[in-house]
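A quick write-up on the structure given underneath.
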Amino acid sequence: MNANNRRLTGALIIGAVALLLLPWFSLEAGFFSSGWLTSLWSDSANAPALWQVGEHPWLAIAIALFVLCAGCGILPGAQRSRLLLLFSALGVLFLVIEGHAIGYSGWSWLWLENRFGALASGQPAMGAGALLLLTTFLLLFSFALAERGVMKGDAFVVASLVLLTALVSIFVLYPVLSMFVVSVQDVDGSFKPDGLISNIQDPSIWSLSCLSGGTCGTAWRTLWLALMTAAGSTLLGLAFALAATRTPLPFKKALRMLTILPIITPPFVIGLALILLFGRSGVVTEHLAALFGIEPGRWLYGLTGIWIAQVLSFTPIAFLVLIGVVEGVSPSLEEASQTLRANRWRTFTRVSLPLMAPGLANAFLISFIESMADFGNPMVLGGSHGVLSTEIFFSVVGAQNDPSRAAVLAMILLCFTLTAFVLQRWWLGGKNFATVTGKGDGGKHVQLPRVLRFGVYGMVIPWGLFTLVIYGMIVVGGFVQSWGLNDALTIEHYVRAFGVSFSDGHLLWSGVAWNSFWTTLEIALIAAPLTAIVGLLTAWLIVRQKFAGRQTFEFLLMLSFAIPGTVIGVSYVMAYNLPPLEITGTAMILVACFVFRNMPVGVRGGIAAMSQLDKSLDEASLTLGANSFRTLRKVVLPLLKPAISAALVYAFVRAITSISAVIFLVSAQYNMATSYIVGLVENGEYGVAIAYSTVLIVVMLAIIGMFQWLVGERRLRRVARPVDMAIPPASTSLTQERAV
């Protein structure tokens, strides 16, 4: 049996399982409750597709299309691929259309009922069986394309592209389009764009009165803030990366841990700590007033305070993107520059820094988008200076209840981020940054010039001390009875949040935070590896494969990252609260939100790191007979350990600390830590909220360390061959080590 037949047989077996052994429709108790196993063929609510045909006759079309796909296996090659392509495409279209057209009570659209008459019964949302059959049709479609020579007949590449395109369409494009459709609909569902047009012309969005001493509109205020934040975060991230790799600064491991502290903290906690330091009644403000008679002001509440909080929050993201790029610059190139009598400054500015361009561009872009989409910091510190994300939030859930305005603001935000994306592509286009090839490499990175080294110290050390002060406030706050009112020390907040007791010989998790804590860890540990896998696979496809629409595909991936979490949350609720995919209130919607909202960081980091890997490495593997999957697994991924570690760390901590989207998606059964902490803050239980946040920080640090140990790190160094080998001892090789 050749490879094509094996792939086809495997996909058909998966489809047969979907039709015969899995519930076709969604289950009220959930698929993982496993109660359906005992009543699969006895209860119509849990039954597979073959059982459901009698009550839902339209399902016979899906079964027939699957049978036709199976029959294609006995046909000759060219005819088989053509018919398989046709029948699998029809299968995908049919499942998508009938899922939208038929709801719980019958036809979802009135014109269908007028055309075909009322249905005797409707149908619930798609379940495990329907989703698995849809996946089967997509796989069969991919295999048919490969048999017809698409992507040089590489089935793995084609299937990856098709499945990723489907996932991005379902979990990125579809929710956003659902949000925009609502913006031009009247209450009865008819087309009515009046609200959309009036909001586009709103002067409060586009006003430039700030040029004459007034207040800028929301759009320009947000753009200026994002540019300043991206510049500050990228500069500081580069300084931290250089300090960790190119200077003799002691305690580098502690420095690396310090740089990721802000990213593993709920953003409103950092904002609250800043208020306690620099607010009108803050510690620093009161001391300055007592010592120098400085009148307390409100400078923190506005763009200045938001900028400080955002740079503090997003510098770690820039560092995680840049550290792999800085480490990836080949030491031999720097040695060659010095051999040609270039000094350290010229080597850094003419050799090292230009090779870091992909990382700098990606760090700037990610920080820019993060600032645009940030909700927590502007909510806490913005005051009357609203930005696009907070304005969208109040347009959706505030007294305005104006989805048209929310859609307009979201489209403006997308225009800004798209412009940044295009400018980045234009700047990097046509340039080659490959520094890791199949040839031997080694040596040590050149140390920074003296002036630059002290300049890096001048940024890193004060910022590190400032970060320590911020986190000192957070730690102390968990042990203070009541911030600003009663400074007596207590452990009552930790006991209330994470208390443990014994009753009748049984251990009881009596603390109020345990339920949300375990749920959060479970969701985050599921979402993090999925995010890394999808993100790095996507980066490999974008960098290493050539296909039509590659730039459009990359932009769609960045779309969910560019839209504020509030819009993502609301659009997910609108899209997935009814058939065909009803997952609101389940763990699946949280995992999907985290994976596709955080995946762009893995994509951008993977693209930056992969830009330094010469394509000859892939070509050599393929020439030696390895397929693309084996090449990716054995050659490319081992060289991407910094990017893998960054993707895992970022995805994990964002799943735990995210708030803007999560607050719309949590339910009583699946309540996340940040949502629970917000509830504590709203109830005035600041001590318990800080205690909970502190425990989360400690747990995240431990799990991040575990991720980094499991992934290891990439080291490029010279290794002397044994004397008895044919290769001379002076030769070099590229080695990969696990850091233990």
Side-chain angles (χ1 to χ4, degrees), residues 176 179-180 183 195-235 267 271 298-314 318 361 363-396 398 400 402-427 555 558-559 561-568 660:
V176 173
M179 181 78 179
F180 289 160
S183 70
L196 188 68
I197 295 172
S198 62
N199 281 303
I200 288 177
Q201 301 172 347
D202 188 350
S204 67
I205 298 176
W206 302 107
S207 173
L208 284 172
S209 57
C210 54
L211 299 178
S212 57
T215 302
C216 270
T218 307
W220 303 123
R221 190 161 56 238
T222 305
L223 177 62
W224 173 248
L225 175 65
L227 290 172
M228 293 298 295
T229 298
S233 299
T234 303
L235 182 62
R298 296 185 58 84
W299 65 270
L300 184 67
Y301 303 98
L303 294 186
T304 303
I306 301 173
W307 179 77
I308 294 173
Q310 287 188 344
V311 172
L312 186 66
S313 299
F314 304 146
F364 187 92
L365 179 63
I366 290 173
S367 300
F368 179 86
I369 294 175
E370 278 277 17
S371 176
M372 281 278 182
D374 184 31
F375 171 77
N377 292 313
M379 193 72 175
V380 173
L381 297 170
S384 59
H385 297 79
V387 294
L388 287 174
S389 59
T390 54
E391 291 296 316
I392 291 170
F393 174 78
F394 291 121
S395 297
V396 174
Q400 300 178 45
D402 189 352
S404 295
R405 181 176 177 81
V408 168
L409 296 174
M411 286 187 285
I412 294 170
L413 190 150
L414 284 177
C415 289
F416 287 148
T417 53
L418 176 60
T419 302
F421 176 78
V422 170
L423 289 175
Q424 186 226 32
R425 297 287 297 181
W426 170 78
W427 184 50
F555 170 69
M558 299 300 292
L559 190 62
F561 196 67
I563 299 176
T566 50
V567 176
I568 292 291
S660 53

Minimum heavy-atom distance between Phe364 and Thr234, given as atom pair plus value: CA-OG1, 3.2 Å
Gap separating the OG atom of Ser233 from the CD1 atom of Ile366, nearest 0.5 angstrom: 11.0 Å
Verdict with reasoning, Leu300 to Leu381, per side-chain contact (heavy atoms from CB on, under 4.5 Å): CA-CA 7 Å; Leu300 184 67; Leu381 297 170; 4.2 Å; yes
By side chain to side chain contact (heavy atoms under 4.5 Å, CB included) - contacts of Thr304 (at least two apart): Trp299, Ile308
Whether Arg221 side chain and Val387 backbone form a donor-acceptor pair below 3.5 Å: no
Spatial distance of atom CD (Glu370) from atom CG (Leu365) [nearest 0.5 Å]: 11.0 Å
Set of residues satisfying ring-ring contact (aromatic ring centres under 6.0 Å, His included) with respect to Trp224, sequence neighbours excluded: none
Audit row: Leu223, Phe368, side-chain contact (heavy atoms from CB on, under 4.5 Å) steps and yes/no: CA-CA 9 Å; Leu223 177 62; Phe368 179 86; 3.8 Å; yes
Short side-chain to backbone donor-acceptor contact, Ser371 and Ser367, under 3.5 Å: no
Minimum side-chain heavy-atom gap Asp374-Asn377 below 4.5 Å: yes
Atom pair CG (Leu227) and CH2 (Trp307), whose distance is rounded to the nearest 0.5 Å: 13.0 Å
Trp220 and Trp206 aromatic ring geometry - parallel, tilted or perpendicular at 30°/60° bounds: perpendicular
Interatomic distance, Leu388 atom CG to Ile412 atom CD1 [nearest 0.5 angstrom]: 6.5 Å
With Leu235 via side chain to side chain contact (heavy atoms under 4.5 Å, CB included) - residues at least two apart: Met459
With sequence neighbours excluded, residues passing side-chain hydrogen bond (donor to acceptor under 3.5 Å, both in side chains) with Thr229: Gln310
Thr390 versus Pro378, closest heavy-atom pair with distance: CG2-CB, 3.7 Å
With Ser204 via side-chain hydrogen bond (donor to acceptor under 3.5 Å, both in side chains) - residues at least two apart: Asp202
Spatial distance of atom CG (Leu413) from atom CD1 (Ile392) [nearest 0.5 Å]: 6.0 Å
Side chain proximity check, Leu303 to Met228, heavy atoms < 4.5 angstrom: no
Pairwise distance OH(Tyr301) to CD1(Ile306) - rounded to 0.5 angstrom: 12.5 Å
